[in-house]
Structures are given as structure tokens and as C-alpha cells.
Amino acid sequence: MNILNVALKEIKSATRERRTLLFMLAFPIVLMLILGTALSNVFSGSAIVGEMQLLYKITANEPQLTQSWQSFSQEIERQGIKIIPAEAGMNGQDLVKDGQYSAYVELESDGMKFYGSSKQSIESNVLQGMLTAFADRYNLAASAIKSAPSEAKAVMESIQSNDEFVNETSLDPDKTPGAMDYYAISMTTMIALYSALSGSFLFRSERTRQTAIRLMAAPISKGELFAGKVIGCTIINLLCVSIIILVSKFAFHANWGDHMGLVFLILTAEVLLAVSLGLGVSYLVQGEKSRSVIMIFTQIASFVGGAYFPVGDSDSIMGIVMNLSPLRWANEAIMNLIYSDDVLGAWPTIGINVAIAAAFLLISALIMRKREAL
Amino acid sequence: MNVLEIRNLTKKFGDFIAVDNMSLNIREGEIFGFLGSNGAGKSTTINMISSLLRSTKGDIEVLGRNIATNGKFAKMNIGIVPQDISIYENMTSYENVSFFAGLYGLRGNLLKERTEEALDFVGLGDKAKSFPKNFSGGMKRRLNIACAIAHRPKLIIMDEPTVGIDPQSRNYILNSVRKLNEMGCTIIYTSHYMEEVEEICTRIAIVDHGKIIADGTKEQLKAIITDTKNIWIEIKATDSPSIDSLKQIQGVITAQLEDNTIKINSKGEINNLNRVIQQLIKDGIEIRSVEEQAPNLETVFLTLTGRNLRD
Ligand SMILES: Nc1ncnc2c1ncn2[C@@H]1O[C@H](COP(=O)(O)OP(=O)(O)O)[C@@H](O)[C@H]1O
Ligand SMILES: [Mg+2]
């Protein structure tokens with residue numbers, strides 16, 4: 001009950017902080033509007049989805065399949081996808097690994113084997129969707145092998161469920177993100193990350209206002225206080241995120257896809273991660289410095305994570321840095337969800353966010369317990 | 001019954017001993033004053049009583065139960081008015097009181113009733129919907145009190161509740177303390193203003209360097225210093241007397257110049273007024289008036305510590 005009390009108080013006082021609210025809402029919406037309209041040309045066609053090259057090999061000796069494949073190839077080549085037959089002696093899997101092709105497929109008599117590039121994940125996801133549709137149409141049992149077996153399961157399951165969205169989304173060229181679609185997502189994930197700031201203020205503000213004294217003197221445990229604050233802070237930031245989603249969806253007509261529930265869950269996990277990160281840093285770094293650390297982190301993570309411009313796949317150090325940005329994790333998971341119905345791909349992202357959040361919460365809770373004051 | 005029992009309480013910050021082996025009993029119905037200059041250890045003591053600080057050594061019992069093992073019970077029965085104003089500026093008076101009272105388990109109609117009662121009590125009933133950021137210092141202090149009393153604690157601890165406010169708010173607060181006491185609350189009141197403590201407290205402890213150096217009613221405390229007397233000599237404002245030569249005079253314990261008054265504390269049995277006046281005349285000081293002060297807590301403090309309360 002005390003947890004609820006504290007959470008409600010957090011939410012109430014957050015709604016009173018006009019300047020913070022304005023920042024959390026107006027900043028992303030205005031940026032979305034500016035970037036989304038100014039850069040709309042850059043995004044026409046396949047700016048996000050790079051050139052797709054599908055390497056294939058038919059080992060099955062079935063004229064029916066070969067014929068179907070030919071007509072399928074023609075159909076998707078018209079959409080700008082390069083279909084290349086593998087020559088004898090070529091190791092398709094290795095070539096995909098090297099990044100020369102987006103994906104490699106082997107058509108066998110007993111099914112289809114799919115190797116997607118993890119470096120071009122959006123592209124390979126799109127191809128995967130198309131091939132799933134193809135497999136559906138010709139009732140082939142397909143199996144996809146990426147690095148993780150869970151990916152193989154993804155294809156199997158989407159085949160079994162005979163998912164029509166795969167078909168539709170993947171074969172429709174209009175379904176690549178436009179500028180507004182892109183910035184709707186990236187600004188939302190960016191502001192979700194900025195929750196770290198309010199997380200870092202959760203206890204610092206009680207200390208500077210001296211209200212920590214009253215809280216400590218009241219018959220409420222540090223644990224209840226902690227839980228109430230984290231819950232309240234997460235809810236208020238999710239509220240901001242929701243408003244931004246609604247504005248982008250209904251005022252700017254951004255495409256949020258057909259899995260809103262899962263998109264929201266990814267964002268919830270991201271907010272929780274950000275709040276916990278802010279809280280953790282406020283306990284690990286003393287005083288005003290914690291604010292600077294959070295500011296620098298969120299800004300760099302936003303920049304390299306694709307908040308202001310789409311970032312490609314890269315093997316360089318930059319690529320590694322980019323992959324460390326929680327913003328990128330969320331962006332990729334949401335993109336894949338919207339544009340290639342990659343439902344299962346969302347879960348690892350959610351899992352990583354929650355796990356890191358848990359680690360930071362644990363650290364903060366331990367430091368807090370050891371301290372005399374809050 | 002004892003509302004509070006403290007035994008051998010000690011608090012160290014590193015090597016520094018802020019509270020030094022303090023023992024004390026406070027009975028139900030008392031308004032107990034902690035009088036001491038800044039840094040004496042008053043706040044540290046009451047912060048340990050209200051579980052804000054852990055003691056280095058010693059025991060504290062609230063209503064007969066040790067707070068180390070009955071922390072929640074003690075907290076439920078204590079209301080604390082912190083030295084630093086401890087309220088949320090972005091929540092209304094009502095929301096402030098209601099939030100803190102809610103932490104003590106009050107809900108629904110009872111919570112509403114008690115919140116309104118507390119606000120009325122401190123005279124902020126008509127400011128329930130106002131935000132404290134627009135309040136005067138005195139109003140903030142009063143809200144600070146309201147937040148401590150809505151859950152009707154048996155023991156109310158007020159740490160310098162009148163610092164930095166106008167005389168009107170100060171009187172209001174002193175009256176509130178009396179009223180709370182009449183309603184059955186036991187009160188611990190810390191202050192470095194001796195007038196306040198002398199005015200409202202039924203028993204007073206003088207604290208210095210983390211120790212209680214004297215304790216009793218104000219009459220008992222004043223009785224300590226019947227063997228000394230205080231002579232106040234008002235002089236011309238522009239004159240500068242030699243305080244050191246006054247201190248040389250036989251019987252003089254301390255001598256100080258405050259504004260244009262020389263304050264001398266001297267042994268009672270020695271007649272040295274003539275010599276003091278002779279000295280001043282010799283130095284060419286113009287004397288305006290001479291009076292012997294009845295002993296007050298300030299002179300008690302001065303006698304016991306050799307220092308002024310405000311130092
Ligand atoms: N957290 C702390 N760390 C170190 N020293 C402290 C701390 N709190 C108080 N002190 C020291 O303990 C002494 C007593 O302080 P305090 O109890 O606040 O005095 P008072 O309330 O009587 O003015 C002071 O010398 C103060 O500097
Ligand atoms: Mg103090």
C-alpha cells in the first residue's frame with residue numbers, strides 16, 4: 001500500500017514539473033516533425049532497407065518447384081531485389097557471413113534452408129518474410145538457420161501459422177519506412193532513454209529538498225520506498241512515450257505496424273532500463289556529476305543509436321559502439337517488428353533491457369541499504 | 001511513564017564525537033527543551049531518536065520499547081519537525097500533509113479528516129490548495145509542523161522550529177507547541193534561543209559538546225548560579241572600554257561587550273562594582289546605566305560553559 005502511495009506521489013509531482021514535461025514531450029515531437037518532413041526525400045525507396053541480394057541454390061530435382069521459383073524470382077526482382085544463383089563450389093553460408101549477400105537459400109526436395117545475414121538484419125528479415133510467403137504458397141516446409149536456433153523456430157512458426165502479414169508486408173514496397181515513420185520510432189525510443197534523467201533525480205531530489213528526513217522517519221521501509229519510486233517513475237515516463245506514439249500515429253500518420261502491444265512492451269523495457277540506469281548512476285557517482293554522466297550517456301547513445309539519422313550496419317569500432325546503444329536495440333527490434341513481423345526477435349531485446357535494469361536496481365538497492373540516510 | 005529513555009547514547013562521525021555518552025529520561029506530558037549552541041549535538045541526538053541516524057553506542061527506548069528492535073513502533077509514535085524545512089514545493093499543502101500521513105497508515109476519510117485538522121491547527125486551513133513555493137518562511141515552518149502531527153504521534157520532536165521567521169509566526173508556533181502539549185503530546189523542543197526555551201519548556205537540558213551539562217526546570221537551573229551575579233553596564237556607543245583590564249578585577253569571571261553594553265559575570269560574594277566603575281572612569285568611558293541582572297538561562301549557560309549561547 002505504501003508502494004502505491006509513493007508511486008502516486010511520484011507521478012503527481014512529475015506532472016507538476018512543467019519544464020521537464022515540456023522537454024519530454026515537445027522536444028521529440030518537434031524534432032520528429034522537422035526531421036520527418038525535411039528528410040522525407042532521403043528516405044524515399046530503400047534508404048533504410050539497403051540493396052538486397054539473395055543467393056540461391058536449387059538442389060531439388062523437381063520441375064514444379066523450379067518453375068515456381070522462377071516466377072517468384074521475377075516477381076521480386078521487379079521490386080529491386082537481386083536474385084543470384086549460386087555457382088558450383090560456392091559456400092553460400094560463408095558468403096552471407098562475409099556480408100556479400102543479404103541471405104542465402106537452398107531449395108531442397110524436403111524443404112528450404114535459409115541463412116540470413118546478421119549484419120544486414122533488416123534486409124535478411126525482409127527476404128525471410130518473402131521466402132516464408134513463397135514457402136507458404138508452395139507448401140514447402142522451410143527451416144531457417146541463422147546463428148541462433150531460435151531464429152529457425154521463427155520461420156517455422158510463421159510458416160505454420162500461415163501468417164498473411166508476412167506475405168503482405170514483405171511484398172509491398174510501400175512498406176519500407178518513410179522519414180516520418182523512422183523518426184516517429186527513433187524519437188520515441190530516444191525520449192524513452194531520457195527517462196534516465198528522472199531516474200537519477202529520484203532520490204537526489206529527496207535529499208536536496210530534505211524530504212528524505214521525513215521519509216526515513218516514517219514507518220516505511222527503504223524497499224517500499226525504492227519500489228514505489230521506480231514504479232512511479234517508469235509509469236510517468238511511459239505516459240510521455242505513449243503520448244508521443246499517439247501524436248506520431250494520429251497527427252503525423254507514422255506507421256507503427258500491427259504489433260502495438262509488443263512495441264509497447266519493448267518501450268516499457270527500455271524505460272525501465274533507463275530509469276534503473278539513472279538511479280544506479282546517481283548512487284555510483286556522487287552529486288552533480290551523476291547528472292552530467294547521464295546527460296552525456298543519453299546524448300551519445302541517442303546519436304550513435306540512430307535517433308537523428310539512420311545508422312547502417314558496420315564492422316568497425318563505430319559499429320561496436322553503435323551496438324552498445326540501448327536506443328539501437330529498441331529501434332532495431334521495433335523496425336523488425338513493424339516491417340518484417342519479427343515477433344520473436346522482440347523478446348531478446350526485452351530480455352536484455354530487463355536484465356540490465358535488474359542489475360542496476362540491485363546495485364542501487366544494495367548501496368542504499370548500506371547507507372545511513374537515503 | 002517515560003515516553004523516552006536514552007542510555008549512554010554516543011554518536012561518532014569518524015573520530016569526532018558529536019554525542020557523548022548521553023543519558024536522559026523524558027516523562028509523558030513534558031515539554032522538554034534541548035538548549036545548546038550550534039554544533040552542540042542537539043540535532044544528532046534527535047536524529048538518532050527518530051531513526052535517521054544509527055547510534056554508535058547506547059540504547060533508546062520509546063514508550064518502553066527499544067527502537068533497535070521495535071523500529072516501526074517507535075516511528076509510528078514519533079512526529080518529527082526537522083530543522084531544515086522538509087516539504088515538497090511542487091505539491092500543495094494538503095498533498096504534502098496527506099502524503100506523509102498516508103505513510104503512517106491513514107486512509108480514506110480518516111486521512112482526509114486528519115489532514116484538514118493538521119492544516120487548521122497550524123493556521124493553513126485556507127491555504128490547503130496553495131503551493132508552498134509561494135509561502136513565507138513562517139508559513140513553510142508551519143506546514144513543516146503540520147506534516148509531523150497529522151498522524152497524532154505521542155512524541156513530537158521539533159528541531160529549531162522557529163529559525164528565520166517573523167515574530168508573529170514564532171508566537172503562533174510557540175502557542176501551537178503549548179496546545180499540542182495540552183492535547184496530550186510529549187514534546188522535545190531544541191533551540192539555541194534561550195527566551196523560547198525558557199518560555200515554553202517544563203524541563204530543560206543544556207547541551208554542550210555532545211553532553212548534557214545541566215538538566216532541570218528553569219528554576220532549578222537558575223539556582224545553580226546563585227553564587228554569581230550579572231552586571232550590565234550601558235556605555236556611550238562610541239566608547240571602547242578595555243575588556244581585558246575588567247577581567248583582571250578580582251571576582252570577575254567573564255566580561256563581554258555587546259553593542260554598547262558591558263556584560264560582566266562575577267562571583268556573588270565579592271563586592272567589586274566600585275572597582276569596575278573606577279576602571280571604566282579611568283579609561284574615560286561614559287557610563288549611561290548600571291544594573292544587576294536576575295539570572296536567566298543565558299547567564300546559566302555562560303556560567304557553565306564560559307561562552308555565550310549565540311557564539
Ligand atoms: N553527518 C555528519 N558528519 C560529520 N559531522 C557531523 C555530521 N552531522 C553533524 N556533525 C557534527 O556534529 C556536531 C553536532 O552537530 P548537530 O547535532 O547538528 O548540532 P546542533 O544541532 O546542536 O547545532 C557538529 O560539530 C557537526 O559539525
Ligand atoms: Mg541542529
Side-chain angles (χ1 to χ4, degrees), chain A residues 1-24 197-198 201-229 231-233 235-236 239-240 367-374, chain B residues 11 13 43-44 46-56 67 70-92 94-108 111 131-133 140 143-144 147-148 150-151 153 155-157 159:
Chain A
M1 205 53 192
N2 269 336
I3 296 181
L4 189 68
N5 260 352
V6 175
L8 285 176
K9 182 226 105 189
E10 257 346 287
I11 294 170
K12 200 183 282 173
S13 53
T15 58
R16 304 274 164 76
E17 294 294 327
R18 297 256 167 76
R19 260 190 307 167
T20 313
L21 274 189
L22 195 70
F23 170 79
M24 291 293 282
L197 271 181
S198 48
F201 277 117
L202 272 182
F203 284 96
R204 235 149 57 78
S205 64
E206 302 281 2
R207 270 175 249 145
T208 49
R209 278 191 188 130
Q210 312 289 352
T211 38
I213 298 175
R214 264 190 212 294
L215 295 175
M216 289 282 294
I220 169 175
S221 70
K222 280 183 176 176
E224 287 174 303
L225 196 58
F226 189 84
K229 277 185 162 281
I231 292 170
C233 185
I235 291 176
I236 187 77
L239 235 54
C240 289
I367 298 178
M368 179 180 169
R369 237 177 61 152
K370 245 178 67 183
R371 273 198 196 168
E372 222 166 11
L374 278 181
Chain B
K11 178 69 187 181
F13 295 111
S43 294
T44 306
I46 63 176
N47 286 347
M48 285 187 282
I49 299 169
S50 42
S51 311
L52 299 175
L53 288 174
R54 292 173 201 143
S55 60
T56 309
I67 67 163
N70 292 277
K72 195 157 180 178
F73 172 82
K75 285 177 168 186
M76 288 296 283
N77 285 291
I78 292 177
I80 178 153
V81 181
Q83 176 172 356
D84 302 300
I85 293 171
S86 168
I87 50 180
Y88 297 106
E89 304 253 309
N90 58 4
M91 303 208 305
T92 64
Y94 184 94
E95 287 166 344
N96 266 289
V97 177
S98 168
F99 169 66
F100 288 115
L103 297 180
Y104 290 81
L106 295 178
R107 298 281 177 268
L111 176 62
F131 289 93
K133 52 177 165 256
K140 284 185 189 176
L143 182 56
N144 202 31
C147 289
H151 62 287
L155 174 62
I156 298 174
I157 303 176
D159 196 358

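Every heavy atom of this structure was used, including side-chain atoms; hydrogens, water molecules and symmetry mates were not. Residue numbering restarts at 1 for every chain, and letters A, B, ... go by the order of the sequence lines.
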Side-chain heavy atoms of [X] within contact of [Y], under 4.5 Å:
X	Y	answer
Arg16(A)	Phe131(B)	yes
Leu215(A)	Phe100(B)	yes
Pro82(B)	Gln210(A)	no
Arg107(B)	Asn5(A)	yes
Met216(A)	Ser51(B)	no

**Request:** Heavy-atom distances under 4.5 Å only: say whether Glu206(A) touches chain B with side chain, backbone, both or neither.
**Result:**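 The answer is the side chain of Glu206(A).
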[atom1]/[X]: more than 12 non-hydrogen atoms of other groups inside 6.0 Å:
X	atom1	result
Lys222(A)	NZ	yes
Lys133(B)	NZ	yes
Arg54(B)	CZ	yes

Interface moiety of [X] toward chain A, non-hydrogen atoms closer than 4.5 Å:
X	answer
Ala74(B)	neither
Asn144(B)	both
Tyr88(B)	both

**Message:** Under a 3.5 Å cutoff, is there a donor and acceptor pairing between the side chains of Asn90(B) and Arg18(A)?
**Reply:** no
**Prompt:** How far does CG of Asp84(B) sit from CZ of Arg209(A), to the nearest 0.5 angstrom?
**Reply:** 14.5 Å
**Prompt:** Could you state the interatomic distance from CD (Glu95(B)) to NZ (Lys9(A)), rounded to the nearest 0.5 Å?
**Reply:** 11.5 Å
**Item:** Taking every non-hydrogen atom, the tightest pair across Pro219(A) and Leu103(B)
**Value:** CG-O, 3.6 Å
**Request:** Identify the two heavy atoms, one from Ser86(B) and one from Arg214(A), that lie closest to each other, and give their separation to 0.1 Å.
**Result:** O-NE, 2.9 Å
